[in-house]
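Remember, predicted model here, so these are calculated numbers, not experimental data. A, B, ... follow the sequence lines: proteins, then strands. Residue 1 opens every chain.
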Amino acid sequence: MDLSALNREQKTAVETLEGPVLILAGAGSGKTRALTYRTANLIFSGVDPKNILALTFTNKAAREMRARIVSLVGDRAHQAWISTFHSACARILRRDADKLGYTGAFAIYDDDDQASVIKEILKRFGIDDKFIPHGEIRSIISDMKNKLMDADEWFAVSKKDFYAQRVHDVISEYEVRLKTLNAMDFDDLILNTLVLFADHPPVLQSYRDRFHYVLVDEYQDTNAAQYRLVHALTAANGNLCVVGDDDQSIYGWRGADIRNILDFEADYPNAVTIRLEQNYRSTANILSAANGLITRNVGRKAKTLWTEESAGDPIRLFYAGDEREEAAWVCDQIRKLYKTDNSYGSVAILYRMNAQSRVLEEMFMRAGIPYRVFGGIRFYDRKEVRDIIAYLRVIVNPNDDISLRRIINEPKRSIGDATIGDLSEYALKENCSLFNTLYHIPQTLASRPRRCVAEFAALMDKLLAARAEMTLTQYVQRVLDDTGLLNMHRTEDTEESRAREGNILEFLSAVAEYEKAQAGATLEDFLENIALVTDLDRAADSNEFVTLMTLHSAKGLEFPYVFITGFEEGIFPNARRSTEEKDIQEERRLCYVGITRAMKKLFISHAEKRMLHNQLSHNPPSRFLDEIPKHLILDEIGAQSFSFGAKDIQRKATVNPRTGYTSMGFPRAILRDPYLPAGAANLTRGIAASAARAFSTGVLQSLFAPGDRVLHKKFGEGNVTGVTGTGSDARIRIAFTAYGEKEFLLAIAPIVKVLE
DNA sequence: GAATAAATTGTTTTT
DNA sequence: CAATTTATTC
């Protein structure tokens, strides 16, 4: 095959097909290209695609790899297993679930479902959630499973005090409960596959016979269970190729063990190690910044990224007064970028915590910049969507009490907590599922609740019977109709209910889309798909939206322009983390990941004060700022970058000598005074007015013009008929269809521009 | 006993 | 500041 597009190291990677191979691939070093070429090369060399297993961490990575291999070798590449760890394990478990005491229809529980199970147990055991918070249990369970322990083994290494004893009881019960619910959590998928392999050697052997070549992407993020899985499959022939970058290991908190990659050569003494160190992504300045930062970490694999690219622009740093100003600056910069690039898709805003997105979103909405937030609340996590899913889950797996509880009184059918309590108690006593009690209603129930429960049971009967007759999409539509879930929102007619209805319809189209893509797909397939898919995977690469996401979700992606916001001690590095060197190093790697996402320009911002956890905090600049070589940074304080032609105003404006904020951020003072009157306190009315005039190209004044369509929080959509006044006195007149013409203070009106 | 209104409380990162 | 828990009304 034609390898002319590859450099020397990439060629070596592509041509080393047999035996253990470690590819240390720095950020932007053409890792995906090397991997796909290597897999294609395997197939060209006569390896049957069926014998190839490629494991990734995200569906997006899997999909991309599959598509690129298909483009190299054609459709037969589809016979290779290219999937995430979790999907591959789910697939293996579906086939042999009965060997482990589950049925093939087992549900996959996310952390929300997990929390429900744990809460239920805590309640039953009479343990106060404050004594042992359910979140605490959840992380212990996950931690324990990632380390391949069971409840007893966990207890053996714990403090063995009263607290640990109670935790142990809850965990043990959790395991029992999950099995009766016929459900597995995410960690179970990996762990139970290992159990299956350990207890049923012929099953393991069949997979060993099948997968002659195994490839693992992002190997630095594997935990003990995943490590064990990979090695169980490859122990016989050792044809294992792992790719990773120890500098990008950012999932230690999830059990990822960086030693897996650091010790690979010790695990496989005959391993071939290949280093990809030439970076094709970023400018030299961005790369120097990343290198300068990451060299502070110790215990790394020796590796230095280099590039043939020119230096490029300096890194832009902005010191904002608060988070709103920070967001306004980001908007400002994006407008400038848009003027040259004519695209919003080349921009990404990265932050440490999902909570940071809110202020950015508000400002983007006001500025009319189209954006999309990834992560945070997943589409499938929305209440109304979860409700439908719960119905479908119960239909597929009647043992799923957790889902049944969710929907038994949704929409309202007069089955309240008391009735549900009675039913659960009865189920516990009879040792049967909650679903079962619907058909054997306990005698203790009064006649009214009894009738309501019987009605619900009849509904479920009808739905179960209808399933065989129709296609997936038709069936989901039927469930929505018969349960009244859709109607419930339709009749309500509020802004919120309309949004919920929209989400339900979107869900329905997701079902249709899935059915179209996977011919003959069953309801079980679809449920598994949505359990393992994330919003990030749904992301269509688009030119029309600015991307907002956490630094964690940005791994593996690249953007021409990258903003990292909230560069403050306490946020990044995060205060929730210990100050132990180990934790700081992982935060530093996270920072390294963020910086190396940028191709052309990198923007960093921090704020003097910000609202955090609902209270005002003052955070010093992030220590990581000092670790980026000074000469690479262009500090916006002192380097006025706004061309508003309002120099006279700047001279008059009061300057905060420490932050330089009022003077340099002057146009923004106008922008932000609506939100924060205190920020404009330094300005006299006259200055504010003339600044607003000078600010004619700025955000606020030009944002709304007569003829614009806007959406008001209370009055709905309307047309702008006029904008008068300046600065914080600016007023906007809007004609609403239902409410007539009204005038608002532009500054505080809860309005956003409606994009056509 | 169920539905609704008011009060409270806790927030890192994710397959 | 939302999502859950607790008090109040129906």
Side-chain angles (χ1 to χ4, degrees), chain A residues 55-62 83-90 108-112 114-116 119 123 128-130 133-136 138-139 142 145-146 184-190 218 221-223 225-226 249-256 350-359 362 374-378 380-381 383 408-422 445-450 452 528 530-537 549-556 566 570-578 583 586-587 589-591 593-594 611-615:
Chain A
L55 296 169
T56 65
F57 277 85
T58 66
N59 294 292
K60 189 171 197 269
S83 75
T84 63
F85 270 96
H86 292 87
S87 305
C89 288
I108 298 172
Y109 274 10
D110 63 17
D111 30 357
D112 238 53
Q114 262 185 301
S116 302
K119 277 187 210 164
K123 205 167 177 184
D128 188 354
D129 198 85
K130 284 182 191 71
H134 62 268
E136 174 86 14
R138 214 163 52 71
S139 70
S142 181
K145 290 184 178 175
N146 287 331
M184 299 190 195
D185 62 32
F186 281 129
D187 300 314
D188 283 336
L189 291 175
I190 315 281
E218 308 280 13
D221 289 331
T222 50
N223 61 34
Q226 288 155 336
S249 164
I250 54 175
Y251 285 104
W253 52 274
R254 215 171 68 188
L350 310 181
Y351 36 80
R352 180 64 235 267
M353 304 178 271
N354 282 309
Q356 287 171 257
S357 75
R358 212 196 73 245
V359 179
E362 280 169 13
F374 295 103
I377 307 156
R378 290 159 62 217
Y380 293 116
D381 282 347
K383 186 197 166 291
I408 195 166
N409 199 31
E410 189 72 39
K412 298 274 182 291
R413 44 175 79 89
S414 299
I415 303 176
D417 290 343
T419 309
I420 299 172
D422 286 351
L445 245 65
S447 72
R448 203 172 76 100
R450 208 184 162 81
C452 296
E528 175 172 319
I530 56 176
L532 298 176
V533 100
T534 66
D535 267 9
L536 197 60
D537 302 316
M549 58 168 69
T550 62
L551 287 147
H552 280 88
S553 354
K555 196 174 67 161
I571 291 183
F572 192 28
N574 199 278
R576 291 254 137 196
R577 274 243 156 115
S578 75
D583 279 358
E586 183 156 314
E587 292 281 301
R589 290 193 292 268
L590 187 58
C591 186
V593 167
M611 287 296 279
L612 200 64
H613 312 314
N614 211 19
Q615 63 174 356

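- Across every non-hydrogen atom of A:Gly594 and A:Leu551, the tightest pair is CA-CD2, 3.6 Å.
- Between the CG atom of A:Asp417 and the P atom of C:dT4 there is a distance of 14 Å, given to the nearest Å.
- An OP1 or OP2 oxygen of B:dA3 is reached within less than 4.0 angstrom by a side-chain nitrogen or oxygen of A:Asn409.
- Place A:Phe186 and A:Arg413 on DNA chain B by their nearest nucleotides, and A:Arg413 ends up nearer the 5' end.
- Separating the CZ atom of A:Arg450 from the P atom of B:dG1 is a distance of 15 Å, rounded to the nearest angstrom.
- Atom CZ in A:Arg358 sits roughly 12 Å away from atom P in C:dA3 (whole-Å rounding).
- Straight-line distance from the CD1 atom of A:Ile408 to the P atom of B:dA2: 11 Å, rounded to whole Å.
- In this entry the distance linking CZ of A:Arg448 with P of B:dG1 reads 10 Å, nearest Å.
- Annotation: side chain to side chain donor-acceptor pair (under 3.5 Å) contacts of A:Arg577 (sequence neighbours excluded): A:Glu586, A:Glu587.
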For each nucleotide in nucleotides 5-14 of chain B, reading 5' to 3', give B when a protein heavy atom comes within less than 4.0 Å of its base, S when such contact involves only the sugar-phosphate, and - otherwise. ------BBBB
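- Here the CE atom belonging to A:Met184 is positioned 12.5 Å from the NE2 atom belonging to A:His86, to the nearest 0.5 angstrom.
- B:dA2 atom P lies 8 Å from atom CD1 of A:Ile420, rounded to whole Å.
- Taking side-chain N and O atoms only, A:Thr419 has a distance below 4.0 Å to OP1 or OP2 of B:dA2.
- In this structure, A:Asn409 contributes its side chain and A:Ile415 its backbone to a donor-acceptor pair below 3.5 Å.
- In this structure, the CG atom of A:Leu445 is 12 Å from the C1' atom of B:dG1, given to the nearest Å.
- Nearest-nucleotide positions on DNA chain B place A:Gly416 closer to the 5' end than the other of A:Asp187 and A:Gly416.
- Not a single salt bridge (charged side-chain N to carboxylate O under 4.0 Å, His left out) links A:Arg576 to another residue, sequence neighbours left out.
- Within a 6.0 Å sphere centred on NZ of A:Lys123, heavy atoms belonging to other residues, nucleotides or ligands number 12 at most.
- Annotation: B:dT11 and C:dT6 have their P atoms spaced 16 Å apart (nearest Å).
- The local environment of CG in A:Asp417 is sparse, with at most 12 non-hydrogen atoms from other residues, nucleotides or ligands closer than 6.0 Å.
- Atom CD1 in A:Ile415 sits about 15 Å away from atom C1' in B:dA3, given to the nearest Å.
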